[in-house]
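Below you'll find the structure, written out as structure tokens, and then a few comments.
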Amino acid sequence: MAMASGSGCSASSTTCSRRPATNAYFPLLIPESFLHKEAQHVEGFAPEAAVVTHGGGKKLDEPLIIRPTSETIIYTMFAKWVQSYRDLPILMNQWANVVRWEMRTRLFLRTTEFLWQEGHTAHVTHDEAEEEARRMLGVYRDFMEGWIAMPVVTGQKTDSERFAGALRTYSCEAMMQDNKALQAGTSHNLGQNFSRAFDLKFQSESGSTEFAWNTSWGVSTRMVGGMVMTHGDDVGLRVPPLLAPIELVIVPIYRSDVERSLVLEAAERVRHSLCEWDRRESSRLRVHIDARDGMKPGAKYYEWELRGIPLRLEIGPRDLANNQGVLVRRDTREKRPVSLDVLGEDVSETLSRMQRDMLAVALERREANSVRERISYDRFRQFMDAEGGFVYSGWCGDPACEAQIEDDTKATIRCLPDEEFRSAEAPTTCLRCDRAATSEAMWAKSY
RNA sequence: CGGGGCGUAGCGUAGCCCGGUAGCGCGCCUGCUUCGGGAGCAGGAGGUCGCUGGUUCAAAUCCAGUCGCCCCGACCA
């Protein structure tokens with residue numbers, strides 16, 4: 001999860017010439033008054049704030065909030081650091097634990113404390129901030145699709161789902177195997193809301209005093225839950241190769257002590273040659289030999305499958321006689337004999353193929369459970385009540401209509417999808433009220 | 001905060017109605033045989049039955065209180 005440092009170029013980014021974000025760390029405890037400076041922000045986060053009221057055995061003059069997010073403390077500092085347009089843009093990233101006292105928790109998806117990455121930037125113009133917010137959404141998308149093999153729909157949030165204090169919120173929405181949507185990452189154009197609240201001003205090239213334009217963006221350990229619920233099957237986890245701590249596990253098979261030493265010796269040779277194999281720049285294949293004694297090979301197979309390790313190589317006496325092993329893919333459970341001589345290339349290619357296949361399978365499943373044709377409201381209600389999925393339809397833009405649909409079905413507008421996800425023919429009327437559609441919306445039940 | 005449910009060995013549980021020797025599976029230890037899809041046999045270790053009080057000759061079991069956890073709803077990355 002190292003994509004936020006800004007060192008890479010997003011496939012969907014518009015520029016690559018920007019400075020990467022600086023990694024930083026800001027305090028956990030935030031004076032309560034900071035939170036109150038931006039009206040929308042405090043309204044959104046006050047109900048879920050964990051508050052420190054006592055310290056050193058005494059009641060504090062001013063309570064401290066355990067950060068639910070760090071806009072307020074970071075922009076307080078930005079305001080001190082920025083005087084001139086020459087100080088901008090300023091781009092910072094931090095990994096931090098945050099606390100949000102939600103009424104209900106859900107393992108990985110909504111925990112009281114969670115680890116995340118949050119980025120905060122300040123810019124000279126609205127357009128530059130907008131570009132940054134969009135660019136980071138693309139970086140997140142690239143990571144989710146390229147690494148987690150979890151396809152996402154990107155788009156803009158409606159007012160009702162917008163981040164507290166933001167001008168616009170964009171999100172990545174993934175479909176889990178129960179057809180519910182998971183908001184896997186967000187990026188916000190904060191406009192000048194926070195810069196006005198925190199007096200984050202600069203002198204422009206022409207000499208005038210201006211408020212800066214901010215963005216913030218984040219992804220969390222929720223992505224771990226996304227990976228589990230995107231790829232897991234009845235056998236256990238399926239971890240995409242790029243994320244797997246072990247890419248290939250060698251399971252030796254033997255009876256006698258003599259066989260054992262022969263097989264383990266061969267396994268070690270294979271491991272050594274695979275670790276020499278340059279698969280990615282400055283990265284080696286991650287190989288483990290499961291030499292545990294007193295555990296039968298079958299038991300080891302089940303265990304590594306449960307843990308989702310992408311590839312297993314079985315090596316036994318019969319294989320050694322032929323200078324081969326049996327390679328098994330976790331995703332398809334396909335088994336085939338492989339020559340031990342040319343293993344590096346084979347394993348490397350197989351892992352790459354698995355990474356692509358896992359994304360393709362997930363994408364296919366998402367599309368198979370998406371409705372893009374015109375749908376009546378009655379049929380929509382049935383659909384959300386039964387199998388569920390993503391429904392693309394017109395929306396009149398009226399929040400009341402959006403709220404009514406949620407009341408009726410529990411489904412919400414996950415986003416107003418970006419162009420590439422929209423229907424070939426733009427919907428003309430609203431899903432519920434038949435008024436003219438002002439935009440296309442993607443509806444789903446969500447976590 | 002409402003509505004359900006559950007606390008018994010490291011983990012999962014039976015027993016509770018109908019009070020009387022705490023049992024099973026997994027895991028763990030020792031030995032032998034095994035080992036190409038979750039090993040078999042033999043022996044063994046491990047329990048203040050969440051906690052407090054009450055009823056009783058006797059409480060895991062009945063009663064009261066209390067603490068903790070899980071699920072469903074309202075809130076949300």
Side-chain angles (χ1 to χ4, degrees), chain A residues 1 4 43-50 67-71 96-119 137 140 144 152 157 160-164 166 169-174 180-188 216-226 235-236 249-260 262-264 290-307 312-322 324-328 330 333 335 337 406-407 410 412 414-415 445-447:
Chain A
M1 297 210 282
E43 192 183 321
F45 283 104
E48 58 198 56
R67 62 182 164 218
T69 178
S70 303
E71 276 78 4
N97 52 345
V98 292
V99 167
R100 297 184 185 177
W101 215 271
E102 308 287 359
M103 286 175 181
R104 256 187 78 168
T105 58
R106 249 192 106 105
L107 193 63
F108 284 121
L109 304 185
R110 193 176 309 110
T111 44
T112 300
E113 174 183 347
F114 57 97
L115 182 64
W116 78 347
Q117 162 278 124
E118 56 178 322
L137 191 73
Y140 288 157
M144 291 170 195
V152 296
K157 287 291 193 183
S160 68
E161 299 254 337
R162 204 177 51 211
F163 177 76
T169 287
Y170 303 102
S171 75
C172 293
E173 302 284 334
K180 285 164 81 172
L182 183 73
Q183 181 176 308
T186 50
S187 183
H188 317 288
S216 68
W217 19 275
V219 292
S220 74
T221 39
R222 171 178 270 192
M223 284 192 293
V224 177
V235 178
V249 62
I250 300 176
V251 177
I253 298 157
Y254 49 81
R255 292 164 198 270
S256 63
D257 283 350
V258 176
E259 280 181 352
R260 179 170 190 272
L262 280 173
V263 167
L264 284 178
D290 186 353
R292 284 175 295 179
D293 210 357
M295 195 173 177
K296 292 177 70 175
K300 294 178 181 176
Y301 301 165
Y302 278 101
E303 185 182 308
W304 292 110
E305 283 170 357
L306 184 70
R307 292 167 65 170
R312 174 175 82 239
L313 181 67
E314 306 168 6
I315 302 178
R318 289 209 298 273
D319 295 311
L320 281 189
N322 301 312
Q324 67 165 39
V326 176
L327 191 66
V328 187
R330 172 62 184 87
R333 306 186 89 194
K335 276 189 187 191
E406 179 172 9
D407 274 0
K410 299 275 184 201
T412 50
R414 298 322 304 153
C415 68
K445 290 190 191 173
S446 74
Y447 280 101

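Labels below follow one simple rule: chain letters A, B, ... track the order of the sequence lines, proteins then strands, and each chain is numbered from 1. In this text, all values refer to a predicted model and were calculated from it rather than measured experimentally.
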May I ask you to say what [X] touches in the nucleic acid, namely base, sugar-phosphate or nothing, with a heavy-atom cut-off under 4.0 Å?
X        : answer
A:Arg260 : nothing
A:Gly316 : base
A:Val326 : base

request  = For atom CG of A:Asp257, decide whether the heavy atoms of other residues, nucleotides or ligands shown that lie under 6.0 angstrom number more than 12.
outcome  =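 Incorrect, the count does not exceed 12.
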query = Is the count of non-hydrogen atoms from other residues, nucleotides or ligands lying under 6.0 Å from A:Arg255 atom CZ greater than 12?
reply =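 Open: at most 12 neighbouring heavy atoms sit under 6.0 Å from CZ of A:Arg255.
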Expressed in whole Å, how much space separates the [atom1] atoms belonging to [N] and [M]?
N     : M     : atom1 : value
B:G43 : B:C51 : C1'   : 37 Å
B:U8  : B:C62 : P     : 16 Å
B:C29 : B:G65 : C1'   : 42 Å
B:C32 : B:A58 : C1'   : 46 Å
B:G15 : B:G7  : C1'   : 15 Å
B:U61 : B:G50 : P     : 8 Å
B:C70 : B:G37 : C1'   : 35 Å
B:U66 : B:C71 : P     : 24 Å

Spacing of [X] atom [atom1] relative to [N] atom [atom2], expressed in whole Å:
X        : N     : atom1 : atom2 : value
A:Leu313 : B:G36 : CG    : P     : 16 Å
A:Ile250 : B:G36 : CD1   : P     : 18 Å
A:Arg292 : B:G27 : CZ    : C1'   : 14 Å
A:Asp293 : B:C29 : CG    : C1'   : 16 Å
A:Ile253 : B:C35 : CD1   : P     : 12 Å
A:Arg106 : B:C71 : CZ    : P     : 8 Å

query = Taking only side-chain nitrogens and oxygens of A:Arg255, does any of them come within less than 4.0 Å of OP1 or OP2 of B:C35?
reply =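 True: A:Arg255 side-chain N/O within range (under 4.0 Å) of B:C35 OP1/OP2.
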Quick one, [X] and [Y] - any side-chain contact, counting heavy atoms below 4.5 Å?
X        : Y        : value
A:Pro297 : A:Glu314 : no
A:Leu320 : A:Ile315 : yes
A:Leu262 : A:Pro317 : no
A:Lys157 : A:Glu173 : yes
A:Arg67  : A:Val99  : no

ask   = What is the ring orientation for A:Tyr140 with A:Trp217, classed by angle as parallel under 30°, tilted 30 to 60°, or perpendicular over 60°?
value =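 A:Tyr140 vs A:Trp217 ring planes: perpendicular.
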task = List the steps, then state whether side chain to side chain contact (heavy atoms under 4.5 Å, CB included) holds for A:Arg330 with A:Arg312.
result = CA-CA 8 Å; A:Arg330 172 62 184 87; A:Arg312 174 175 82 239; over 6 Å; no
ask   = Looking at A:Tyr447, does the NZ or CZ of A:Arg106 lie under 6.0 angstrom from its six-membered ring centre and within 45 degrees of the ring axis?
value =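 Not satisfied by the 6.0 Å and 45° rule.
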Sub-3.5 Å pairs of nitrogen or oxygen atoms, protein against nucleotides 37-39 of chain B:
residue: B:G37; atom: N7; partner: A:Lys335; partner atom: NZ; Å: 2.9
residue: B:G37; atom: O6; partner: A:Arg312; partner atom: NH2; Å: 2.7
residue: B:G37; atom: N1; partner: A:Glu305; partner atom: OE1; Å: 3.4
residue: B:G37; atom: N1; partner: A:Glu305; partner atom: OE2; Å: 2.9
residue: B:G37; atom: N2; partner: A:Glu305; partner atom: OE1; Å: 2.7
residue: B:G37; atom: N2; partner: A:Arg333; partner atom: NH2; Å: 3.4

What N/O pairs connect the protein and nucleotides 73-77 of chain B at under 3.5 Å? Give each pair on its own line.
residue: B:G73; atom: OP2; partner: A:Arg104; partner atom: NH1; Å: 3.2
residue: B:G73; atom: N7; partner: A:Arg104; partner atom: NH1; Å: 3.4
residue: B:A74; atom: OP1; partner: A:Lys410; partner atom: NZ; Å: 2.8
residue: B:C75; atom: O2; partner: A:Glu102; partner atom: OE1; Å: 3.2
residue: B:C75; atom: O2; partner: A:Met103; partner atom: N; Å: 3.1
residue: B:C76; atom: O4'; partner: A:Glu102; partner atom: OE1; Å: 3.3
residue: B:C76; atom: O2'; partner: A:Glu102; partner atom: OE2; Å: 2.7
residue: B:C76; atom: O2; partner: A:Arg110; partner atom: NE; Å: 2.1
residue: B:C76; atom: O2; partner: A:Arg110; partner atom: NH2; Å: 2.8
residue: B:C76; atom: N3; partner: A:Arg110; partner atom: NE; Å: 3.4
residue: B:C76; atom: N3; partner: A:Arg110; partner atom: NH2; Å: 2.7
residue: B:A77; atom: O3'; partner: A:Gln183; partner atom: NE2; Å: 2.6
residue: B:A77; atom: O3'; partner: A:Arg222; partner atom: NH1; Å: 3.1
residue: B:A77; atom: O2'; partner: A:Gln183; partner atom: O; Å: 3.3
residue: B:A77; atom: O2'; partner: A:Arg222; partner atom: NH1; Å: 2.8
residue: B:A77; atom: N6; partner: A:Thr111; partner atom: N; Å: 3.1
residue: B:A77; atom: N6; partner: A:Thr111; partner atom: O; Å: 2.5
residue: B:A77; atom: N3; partner: A:Ser220; partner atom: OG; Å: 3.2

ask   = What base-paired stems does RNA chain B take part in, with at least 3 consecutive Watson-Crick or G-U wobble pairs and both distances under 3.5 Å?
value =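 So far as stems of 3 or more pairs are concerned, RNA chain B shows B:1-7 with B:67-73, B:10-13 with B:23-26, B:28-33 with B:39-44, B:50-54 with B:62-66.
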Any donor-acceptor N or O pair under 3.5 Å, side chains A:Arg414, A:Thr412 =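 There is such a pair between these side chains.
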message = Can you see whether A:Gln183 engages A:Ser171 through a side-chain donor-acceptor pair at a distance of less than 3.5 angstrom?
response =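 No - no donor-acceptor pair under 3.5 Å links their side chains.
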key: Spacing of A:Glu48 atom CD and A:Thr69 atom OG1 [to the nearest 0.5 Å]   =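 OG1 of A:Thr69 is found 10.0 Å from CD of A:Glu48.
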